[in-house]
Asks: 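Have a look at the structure that comes next, please.
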Protein chains: 2
Amino acid sequence: MSVQDDLGRQMGGRFSTAIVQFHAAVAERVGLNVSDYKCAEIIRRLGPINPARLAAATGMSTAATAQVVNRLEKAGLAERRPDPGDGRRTLVHPVEQGTAQEELGRIFAGFGARMAAVMEAYDEEQMRTLLDFVSRTTEVLEAEAVTLRRR
Amino acid sequence: MSVQDDLGRQMGGRFSTAIVQFHAAVAERVGLNVSDYKCAEIIRRLGPINPARLAAATGMSTAATAQVVNRLEKAGLAERRPDPGDGRRTLVHPVEQGTAQEELGRIFAGFGARMAAVMEAYDEEQMRTLLDFVSRTTEVLEAEAVTLRRR
DNA sequence: ATTATTTAGCTAAAGTACTTAGCTAAATCC
DNA sequence: GGATTTAGCTAAGTACTTTAGCTAAATAAT
């Protein structure tokens, strides 16, 4: 039972479950379902984005994405605007102010503080190792997901 | 823009999305929805388990869990048996053989091989750091999820 | 230039999954 | 021995996702 095995087990089971549960709890707290919350995050992260790309990023159909955007507009978290360069296209813009955004800010401030406390245990060198590991693992996960879907 | 910020950003965004997407892809590949797949994993990991605990572990209602177990039984991934000690209780047992399990084995063998390649870059000391980080982060995530739901 | 095709996004209807409510049976309590 | 609690299930209602089909704008073809 090596350290590597421990790590693999932890990553595959409790850790990934914890991530999913945490995001589900955040979404619930803000009054969104998990899909809507995930889309809101992507919109905020990738700036103005068109529905097709949003659909591709989440793996959902474009129809489902349109309905997600409908709900996010109602919730005041996103806004549809016509693409000035192409009349067919729509750009979904993030809306930065509003109660939902403020609540999200508070939640992630609390989470950030706790993670900062965890981080204090590591020096610069170790943090570089952690970042490297997270980056590489992300790439493997993304690549595997694509491979699995492609077949 | 410190290494710590980079890590926080990566963890909050791309990494957690990648985990979710990967598990969704695996589930789809095996012909299950994400909830059913997650339950199957928990059943396999925690051995014979009763529906109430399974519901608590996933955050779903016991009613939804009963329906999940119905589908898993049909899929040949789990089996209900009466608890010998308490006639009210049911124990959900994992079923180890079958095509779905074999497919899962193949998928995780491939994933494991790629992660092993990532791991080669680290020595024992670094892997201990990684395991420590993952464990602590898991605890923070679980605690935060509970706190968010409690209020 | 006008028509045909492709592209982007949307709505509507159908299917699937989760929740709330209510039921049955076994164990425990008095 | 009857009342209450506990565990699990089914059924009906709600919500989200998909498939199918539509409209409008851009591009291609004749």
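Predicted model, so just to flag it, every value in this text is computed and none were measured. Any value given below was found using the heavy atoms of this structure, including those in side chains, with hydrogens, waters and symmetry copies removed. So you know, we letter chains A, B, ... as the sequences are listed, proteins then strands, and number each from 1.
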Asks: Has the side chain of A/Thr58 got a donor or acceptor atom that lies under 3.5 Å from a matching backbone atom of A/Ala55?
Replies: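 Yes; at least one donor-acceptor contact below 3.5 Å.
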Asks: Would you check if the side chain of B/Asp123 reaches a backbone N or O of B/Glu125 as a donor-acceptor pair within less than 3.5 Å?
Replies: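 Pair found, side chain donor or acceptor close to backbone of B/Glu125.
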Asks: Is a side-chain donor or acceptor of B/Glu73 paired with a backbone partner of B/Arg80 at a separation under 3.5 angstrom?
Replies: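 Yes, the answer is positive, given that a donor and an acceptor are paired below the 3.5 Å cut-off.
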Asks: Only counting residues at least two apart or in another chain, list the ones meeting side-chain hydrogen bond (donor to acceptor under 3.5 Å, both in side chains) with B/Asp86.
Replies: B/Arg88
Asks: Encode nucleotides 8-19 of chain D as B, S and - characters from 5' to 3', where the letter depends on protein heavy atoms closer than 4.0 Å: B to the base, S only to sugar-phosphate, - to neither.
Replies: SSB-----SBBB
Asks: Sequence neighbours left out, what passes side-chain hydrogen bond (donor to acceptor under 3.5 Å, both in side chains) with B/Glu144? Give chain and number order.
Replies: A/Arg114
Asks: Touch check for B/Asp83, heavy atoms < 4.0 angstrom, all strands: base, sugar-phosphate only, or nothing?
Replies: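 Here B/Asp83 touches no strand at all.
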